[in-house]
Every structure is written in structure tokens, then in C-alpha cells.
Amino acid sequence: MQNLTTLATLLPLAGALFAAVWVYLFAPRTILSYNANSNAAQIFTTGSVLVAAALSWVIFLTAPNGETHTWFTWIALSDWQITFGTVTDKLSSTMLIVVTTVSACVHVYSWGYMKEDGSRPRFFIYLSLFTFAMLMLVTAPNMVQMFLGWEGVGVCSYLLIGFWHHKATANAAAMKAFIVNRVADAAMLIGLFMLLQSFGSLTYADMFAQAPNTHAAGPENLSLALLLIFIGAMGKSAQFGLHTWLPDAMEGPTPVSALIHAATMVTAGVFLLCRLSPLYEYAPSVLHIVAWVGALTAIFAATVGLTQKDIKRVIAYSTCSQLGYMFFAIGVSAYPAAMFHLTTHAFFKALLFLGAGSVIHGMHHEQNLFKMGGIKKALPITYGLMWVGSLALAGIPPFAGFFSKDLVLESAFGAHTFQGTAIYVVGTIAALLTAIYSFRVIFRAFHGEAPHEDGHHHHTPHESPWSMLAPMVPLALGAVAAGFLLKNMGTLEWWQGAIVISEHHPALENAHHTPFLIKYLPLVLAAGGIAAAYYAFASKAGQGAMHRLAIRLRPLYLISYNKWYVDEIYDALIVKPTRILATAAYIVGDKLMIDHILVNGSARTVGAAAKRLRQIQSGKLETYTLLTILGLVLLLAFTIWSSL
Amino acid sequence: MLTLTILLAAILVILLYGAYTEDAKGTTLLTGLAALIAAVPLIMQPTTGALFQTDNGPLLLQTPLSNALWLITLLLTPAVLALGASNTKVTAKPEFSLLTLLSVAGALILITSHDFLSLYVGLELMSFPLYILASFQRDNARSSEAGLKYFILGALASGLFLYGVSLFYASTGSTNFSAALPLGTMPAAALTFMLVAFLFKLSSAPAHFWTPDVYAGAPTPALGIIATLPKLAVIAVLLRVLHLPLIGSLSLWQPVLLAAATLSMVWGSIAATTQTELKRLLAYSTIGNMSFMVLGLATGTPAAAAGTLFYVVTYILGTLGLLAIFRLLEDEQGTGPRNADGSEPARVTGHPSRVRGLPPQAESQLSTENLKGLLSRRPLLTVALAINLLSLAGIPPLAGFMAKLNVLMPAVNAGHIPFVLIALASSIVALYYSLNLIRHAVFSKPEKASETSQLPTLNVQLSTVVILTTVAALILGLFPGLLLTPLTILTTAFF
Amino acid sequence: MQEYFPILLFAAVGTFIAMVMLAIPMLVNPLRKTGTKLSTYECGFEEFDSPRKPFDVRFYLVAILFIVFDLEVAFLFPWAMALQDIPWYGFFSMMLFLIILTVGFVYEWKKGALEWE
């Protein structure tokens, strides 16, 4: 079993390496065309990920029981050591199927989507490498290996967002993603060191076993460490404050958005907090913060999603919002609910992204919703698939989102605290907004009429090739059925000890006894939201009304359209002062102090000394002899003097 | 014993074979085979104990540690030979590998010697072939110059050593390591004379002056042995000398070695910065690296000794790798043994005093110029060059870093913090010239477009050496325990 | 160390006398450099050649080879005298030594070190 996990984890790496060796070392020496070699690379990577996906399902279905398997010891110190290996439990196997399934679909999808791209092999190698890093993150038995995967994911994300490196905006977005994540990772690293300090180990099993003692020894210390880890998770999972990179990351190719920014990388933070649930249960104050950050993100992203014009940005903000749901579920200790929502969300969000990619492909790389319209006939299959995804996202039964989102909201209510209830209210409003913005996309893009004022749209929209539509089918099946089939995921027992909930936190238990009204209020609101969206965006009258509404509520509209001005505030508060400080430091500190005095000064000293030494090294034997004897005499003087 | 017997018998056989033939390849093959066969008893049935017992104690003493060092020496011998076997006109004589093997035999005797007399025999048996190898390219003025300088300064060191031994004998009445040197002025003088002689062999200050001239002049294949195995043997025997007969004078030799280490660190790193000739640069790098090992010896704890031995192994590997790369560059550029047009280098005749006055660039020597544009010409070789250079400079995660760490940590624990700080500062300077070489290889374009665009034919021996040392630098850097743990066990047992 | 004192005294006195005897002529002799005086003394003949001319390296080779086998004989004498006390061990030790020398001899012969031309 563990060997299967190892295999599944390493296969994508093998595929990527093999493809890299093939394309960049071997292929240039063959007579095969570049195209043929690119196809070979595509087959290697996709094949390895497909096999990994199959293995993952085998692992998932054969009921893993938390065995760990050690590959090797990396660093062995006297009092602690870092080993590499895998842990196969419910949590990691769930993440395994999510990651590999979506990754396999995205690989296949990219065959069609990236067909005309000149550097296809590079794209596929990055994709597989990313998959490997993500798998290492989720199967790691200790936080060091997890962190390596965590950073690997970050690097691959950087490479993939900036894949079209000739685009200045893509480069900027890639850098932004990397830097924002670095800020979060810095906090996370400090948290890791604090945990190491408190526990003397970063292996999950050791840490969990010692958690009661450590908590008794210093609850503040533990809480602070966990808060810092959470900040790291906020960065990866794009929570409010550190979310700014996610919408910009849509500059990357759409399959990347589907894989990284919907299903896998952004869920790493949620996964990590669930993985550390035995620790977080000892830090209720941190959980409060998690809950509020999650709720804030959920409502914030939902409001912003309402007004964005770029189809991918809408979906990106919806991702942000859904991640907020997961975090506030964690905040009320309903980790299973969070993981459940993570799983279902991965399917329907990847589906939505791939659908959006199909639309963009069909519209010849047009992403602006306002330049679309009435393409329902041209892209019937995409249209249907988008419906499935959006219904799942809005939480309409029997689609997957309904089960998981309801469980999340019920858990919040089930906490029976002021906070829980408040979060329930926020989440329910966000659910309404979710329904509106997700169907806004459908009605704007597929219904109505094509805008015909601009002449430079010569191309007629067309349906995507089968290689792009086929991989969306399994995702659509997941979006339809995953919620019902995996309903047990929402219970604590299902996780077989991989998740621990303290008995003082009964939110998840109480979720099953939610009053009828509370239980179905989100559903009613979502249905209403869809209806409202139909009126507002599909009917002529509604569109006019919306236009007037936007003018009347112009300040609100602007806040939403400009994403609450977070970027601008950061720019004014952090980026500009940092720039000024950096310029000052550059001129005074770097140029003058370091370059001129320290670096060049010491270099000049060394250079002058070297000139002297060179004169001594004249090549004259007699000089050498003399100097050797001189050294001998000096040493003799010392030794004889000290033994007198 | 069996190992030595096999080796000496092989030397006789190869000498006879070499008398009747000019077959350099066959001799090299035989020599390498002999070294490997000699290593077999060490693996299958290592023996320990005294050899050649005298009234005062044994002449040779085999210990687990000495057996391990023998094994390392013998296993590295084929790599050393591969440098010579890379088919140049210079070394295409049976004598080349024969002399190498003689030197190795001397090194083995040195490693096990337990008496100053056997030590001296081993030392000279090891050194004489090196003098010949340094001047192996007889029609080249720089090579002859290198051999002569090496020989004369080596003779000076031998004289100092013998004088030290005679003072030792006068103090103790024995030349065996089982005698303990008493305190007093004469023993102090004995110790100092001997140490300076050892420092000469290690090319550490204040007796390091020969190194740049010999390295620059000696043919590159000969450097493969001059710069590598003798260092290991001398370190090993010095460890014995310091901790057996001289242990009572620890308060004397420790400051002497620390002073020597500090001086060579500073000298080696600073003097290297202005060098453009690659082999001369390697000489200064050697001086700098040896100073770390001297520091490790001066620390005098089991951990430091293990670190020092680990260091010397990584140093040998790194140097071998660099030399193999230099050989490949020489073949490619036609420098070194041959001139750029493939002709023989100009013969220099006349009185030796005129030889000294030759301008150093009279012949085409490998310099940083030859590295320019290497990345575009031979990318993999550039990677190997960078890894070996950075390993020698001590960059993690390569072997050289672990070596420096394991020498400096015990020194810190022993309280030699000022010396460690100097060591760190000098290794930064050393990093400068290593990176400078990499800069030339990666970023600079050759000034004149190279007219020979076709890849040179694959040189199997040299490529193997380069690959092995590069991989070893990575493996020993990531998993230093593979070598360090056994060495620690052995040195702890020795102390 | 007491018993060595007379030797030290002897060495000191000897050095002193030698120095004095060298010093006296250097101080008192008249120095007139003439061509005849500076020329090399060759048993009454005119000098044929410059004495500073480098020797042929082959002379050194022969000399070195001679020394090796000369020393071999120097070893053989005491060995022969002591052979009664060290019967077989001593015999085979010397045989080994001689074999090694012989191999070296064969080598130099084959390499032409004994040929003058």
C-alpha cells in the first residue's frame, strides 16, 4: 500500500524528468521533428499522471489506515532527524485522488488547448513537476518534506503563471504570486521553527503524540506558532489580505488555472490546517481568527466576483470565496466539512475553469464577458458542462456543491456561538451572491446576442475539440455525483483518526440537528439568486435595470469592481514606502557603505596584498629557500622559547 | 603485508615488462590492475598488527585506520592513472605509470610507518618518483624547472626532517613512535624541524613556495599524483606522529600548526586572486585547502581528525576532477604538451640559469582565456567544472562544504574561534576566484571565434574521472555520513 | 655531554688555526692579475677548451649506475661475513635485494643506458 503511494507520488516526477531528458537532451540528436518529440513528451507526462491517478483511486478505495513508509533519512542529527517518506491515510489519499484526477484531466485537456503553442514540452514538464510537488506536499509524513513540496508547488506555480513569458503582464503576475507567497512562507517558516522548538520534531506523528504536553507547557507559544502556520496557509490559499495574487494569476494558460488555482495548490492551506487538526484543537483563539478570515474572504470575494468583466477573474474570485468557506468551516472545528467541500469544489471548479478555457478557445482568446454573448448554439457541449459546474457551485441539489456547502454552513450554525451564527449569516449571503455571479457568467456569455459593434471580430465562435471536451466529462460526473457518493466524508468517523476534533467543539455533531429553516435557507437563496441572475443578465429589461442600478449605486459598484481597492491600498501602504526605503538603502547602504567601503574596499585590500605576495613568489629558488628557513627559524624561536 | 608484497612484485614485473616494450597503454592497464588487486586483501581479509618488529617497536604498524586509508589510496590510484593514460605524447611511456605506482607504494609505507626510519624510507620512495614525474616532459623548460625546484626544495625538506629525527633520537634514544618525546629545548627543536618538513610535503606555509612553480610547470597528468595521494599519506602519518611520539608536546605543536594554517589560508586565498593561469591557481587553491587540514590536525580531537581525513578525500576528488577537466581542455585547445598548431613545443636549451629567466607565457599554458565560452561549447563539462570548483570552495550541498564544516566545527568546539573566523574569511576570498573561473566559463565569449567547431573525440578515461568526481562531490555532500561515519569510528578507535 | 667537550675544543681550535692560516695570505699577498695567472693550469700545456663547458650527461648516468652497483658490493661484504649467523633468512633477503637490482639492471640495459651512442 505504501509502495503504491510512493509510486503515485514519484510517477509524475519520473514523467517530467523523462520528458525533459527526451526533449532537451536526446531529441535534438534524432531526426524526428520537434513536433513529434513534443508529442512524445506529452505522452510521457500524461501517461505517468494517468497511471498515478489510477493508483490513487486504488489507494483511496482500499481504505488506507495511516501507515507511514520511510524512503531514507535525509539529515540525521543527534537529537532529531529528517526522513523522507509517505504517509497513507484518509487525508492524504483523499488529496491524492483530488490532485491526480484533476491533474490527469488537465493534462489531457492541454493536448487540445496548448496544441499550437511553440513550447508545449516545457508546459507539460512543468505541469507534471507541479503535480509531483503537490503530491509530495500531501503525502509527506513530516513538515519538512511537506514544506519542500509546498515551496516546489510555489516555484512551479511561478513558472506556469509566467509560462507565456513574452507577455509582460504574465511575468508581473508570476512575480506577484511568488512574492506574496514568500511573505506568507516567511511567517510559515518561523512557525515551523517554533514548532520544532516546542516539539523537538516535525514529524506529524511525534507532534500529535506530544501535543497535550506541549500545550500544557506553553499554550501561547503553540498558538503563536499555529497562527504563523495559518498565515502561510493564507498565502497559498489566497485568503483575504494575501489573496491579491490569485486573480492576477489568471494570466497563465487556462489549464494551469484549473489545476493550480482551483483544485490543488490553493487548497494546500486547507489541507495543512486539517492535517494539523490535532494541534489546532489546542488553539481555540487561532481557530477564531481562522473563522473570521475565512468568512471575510467568502463575502469579500463574492462581492468582487459580481462585477468583474474577465470570465476567468470571476471564477478566480469564486475560488477565493469558496476557500473562505473551507476556512471558516475549519474555524468552527468542522475539518471534515472543509475537506468535503475541498473535494467537491475541486471537481466543479476545475470543470468551470476548463469550461471557461473552452469558451476562451472557442472565442479565439477573448476573455471579456462583455464581448461574448449568444454562443450557446456554437458551443452546446461547453454550455451544458458550464451549467453543471455552476449548479454545483451554487449549491443546488443533487449537485456536489449542495452537500458540502450545506454541511459547512450547518456546521457554522451548529457551533451555537455568536461567532458561528454570524458566520452562518455571512456565508448564506455569500451563497446568494455566488449563485448570482456564477450564473451571470453563463447568461452573459452564452445567452443574449453577440455584441456586434466592433469590427475586429472576424472569427465565429466554435466548439472545442474532443481532446478538450472529453476530460471535462469525468469532472462533470464528479460535480454531479461526488457530493452524494462521498457524503460520509462529512463525518468525523470516516477519517479514521486522520482528523481529530476536541469534544469541546461540537459544531460538526450539531450540524445534523439543524432546524429546517436554517438548513434550507441557503438553498432557497441560491435558487433565488439564479432566478435573479436570469432576470438581470439574460433579459433585456433586466440588463437595463442593472445598468441603472450600477449608476445609482456607483460607489458600491466601484468598490466591488476595484476589488475593494486592496491592491491600491497595498501599493500606497507597503509597495511605495518600501520602494522609497529601498532606494535610500540602495544609495546609502549599498552603494556607499557596502559597495564602496566594504566590498570594493576589501577587494582593493586583497588585490594590493596579492600584488605583494606575487612579488615574493618570484620563481627564485634561493628566495624560496631563504623564506622557508626564515619561517623555520621563527617557529624554532617560538618553540624553544616556550620550552625554556 | 600481502598488499605491499603484491604491489612491490607488480612493480618489478612491470619494470621488466617496461624494459622490453614501449607499450604505455598496457603498462597503465597492468598498473591499475595491480593497485586494484593489491586492494583485494584489504577488503577480503584485512590484517592488523606490527610488521618488522625491532627492539624499540615495529617499523610498520597496520591498524584499521591505516587499512582504510590504504584502501582509499589504492582505489584512487586508477583514477590517477587515468589522467596519465589519456594518451598524450608526454606520458606515453611505460615509466609514467610505473613511477606513479612506486609513489603509491611509498605512500602506503608512509601511512603504516611506526618508526621515523621507515617513515623516511616511505617519504623518499613516495617523493622521488614525484620529482621525476614533475620533470617528465624533458624537452620542456618549465617542466624541467619544476622538477629541479621540487627536487632541491624537497632535498632541503628531507634534510630538515633528518635533522629533526636525529635530534629526536638524541632526546629519546629511539626512532620508534613508541618513544615519547620529552620536554626541553632539544626536543622542541626536533619537533620544529620535523614539522616544517611535513609542512613542506603538505605545501603549507612556511614551506609552500614550491607549489605554484611546480604545479604550473609539471605536466598535467603528473599533477594527478603530485597533488593528490601524497597529501593523504602525509596527513595520515602526521596524525600518527603528532599523537604517538609527540603527544606530550601538544602545547608546542598546536600553536605551530595553527600559525602555519593561518598563514597558508591567508596566503593561498589572497595570492590566488590575481592568477589567470589555471594550474597555478590550482596550486594556490591547494595551499588554501591544505591549511584547513592543518587546522584540523592542530585541533587534535577524534572528530577533527575524522573531518581532516574526510577533507583530504574530498580535496583529492575535487582536484582530480579539475585536473581531468584541464586535460580535456588541453586536448581541445592544444595547449600544454603541444602547441596550438599541434607541433612540439619549442625546445629550450642552454644553461639552467637561463631557463629561470624565461617569460612565463613563453608557452601556451591553460589560462582563464581557455575557459571563455566553455558553456556554449561543452555545457556538461562546464557543469562538472562548476561542481568541482564549488566543492573545493566549500559551497553546500557539495562535499567540500561538509569537509570544511567537519573541520571547523571541532575547531570551534576546541575553542579556536579566531582561527575559524580567519578560515571563513579566507574561504570567501577563495570563493571569489572559483566564481571568477565559472564566470569566465559561463558568461565570457572567446575573443576570437573558434575555428574548430567540431566536438573533440570522447576521451573515455578522462570523462569517467570527471563524472566520478562530480558524482562523488554530490553524494558525499548530501550523504557525508557514508564516509564520515566510518572515519569517525576509526579515528575514535585510534585516539 | 661532558665527554664530548675535548672534541668541541679540538674542533674549535682546529677551525681557528685553519681560518688564521687562510686569512694571513689573503691579507698580506700581493695580487697582480695577469692572463697567464688566471688561465687554467693544465700540466704545462696550453688549455684546449673552456673548463666551464657542460659535461655530457652520459657521464653522470654512468657515474650513478656505478654507484648503485658499487654500493651493492659494499652491502655484500658484511653480508658474506655475517651469513653464518643469519643462515636462510639472511640468504634470501640478499637474494631478494639482488633480484631487485638485477631487474633494474635489465631495465637500464634494455633502455640503452649502457650504450654510449
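Sequence lines set the chain letters: A, B, ... in the order given, protein chains first and strands last, and positions in each chain run from 1. Hydrogens, waters and symmetry mates play no part in the numbers below; they use all other heavy atoms, side chains included.
Applying the 6.0 Å contact sphere to CZ of Phe69(C) captures more than 12 heavy atoms from other residues, nucleotides or ligands. Around the CZ atom of Phe52(B), the shell of radius 6.0 Å holds no more than 12 heavy atoms that belong to other residues, nucleotides or ligands. Around CE of Met21(C), the count of heavy atoms belonging to other residues, nucleotides or ligands within 6.0 Å does not exceed 12.
Under the side chain to side chain contact (heavy atoms under 4.5 Å, CB included) criterion, Ala233(B) pairs with Ala107(B), Leu110(B), Ile111(B), Met126(B), sequence neighbours left out. With sequence neighbours left out, the side chain to side chain contact (heavy atoms under 4.5 Å, CB included) criterion links Ala222(B) to Phe96(B), Leu133(B), Pro219(B), Ile226(B). Val20(C) is linked by a side chain to side chain contact (heavy atoms under 4.5 Å, CB included) to Phe16(C), Ile24(C), counting only residues two or more places apart in sequence or in another chain.
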Between chain B and chain C, going by a 3.5 Å limit, which atoms form donor-acceptor pairs, if any?
| residue | atom | partner | partner atom | Å |
| --- | --- | --- | --- | --- |
| Gly18(B) | O | Lys111(C) | NZ | 3.2 |
| Glu22(B) | OE2 | Lys111(C) | NZ | 2.7 |
| Glu95(B) | OE2 | Tyr107(C) | OH | 2.1 |

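Of all the listed residues (Leu16(B), Leu15(B), Leu12(B)), the one sharing the greatest number of non-hydrogen pairs under 4.5 Å with chain C is Leu15(B).
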